[in-house]
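Down below is the structure, laid out as structure tokens.
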Amino acid sequence: MQAANDNLADDVLEGATAIAIFMNLKARQVYTAVSAGHIPHYRIGSNLFARKSTLLAWIAKQEQSQVAA
């Protein structure tokens with residue numbers, strides 16, 4: 001079961017700065033997008049989190065929407 005936990009830990013981004021680095025954005029842009037409900041995220045208390053896998057799937061979906069339009 002440890003391997004599954006290791007994969008989860010590698011998939012989770014904690015904080016706007018980590019999310020911003022992963023997405024090549026500024027932390028302020030992440031906060032703005034989160035406030036507007038534009039990027040997938042979740043909170044535990046006041047802490048902001050996102051999963052790399054979820055963000056990558058969301059980005060792929062956004063790209064597909066642009067190609068279809």
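- Take E14 and apply the side chain to side chain contact (heavy atoms under 4.5 Å, CB included) test, not counting sequence neighbours, and it matches F49.
- Screening residues 36-54 for side chain to side chain donor-acceptor pair (under 3.5 Å), with sequence neighbours left out, gives D11-R51, D11-S53.
- Residues L55 and L13 meet the side-chain proximity criterion, which asks for heavy atoms closer than 4.5 Å.
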Distance-only donor-acceptor pairs under 3.5 Å for side chains of residues 20-31, two or more places apart:
{"from": "Q29", "atom 1": "OE1", "to": "K26", "atom 2": "N", "distance (Å)": "2.7"}

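- Linking ILVMFWY side-chain heavy atoms closer than 4.5 Å, directly or via other members, places L56 and L48 in a single hydrophobic cluster.
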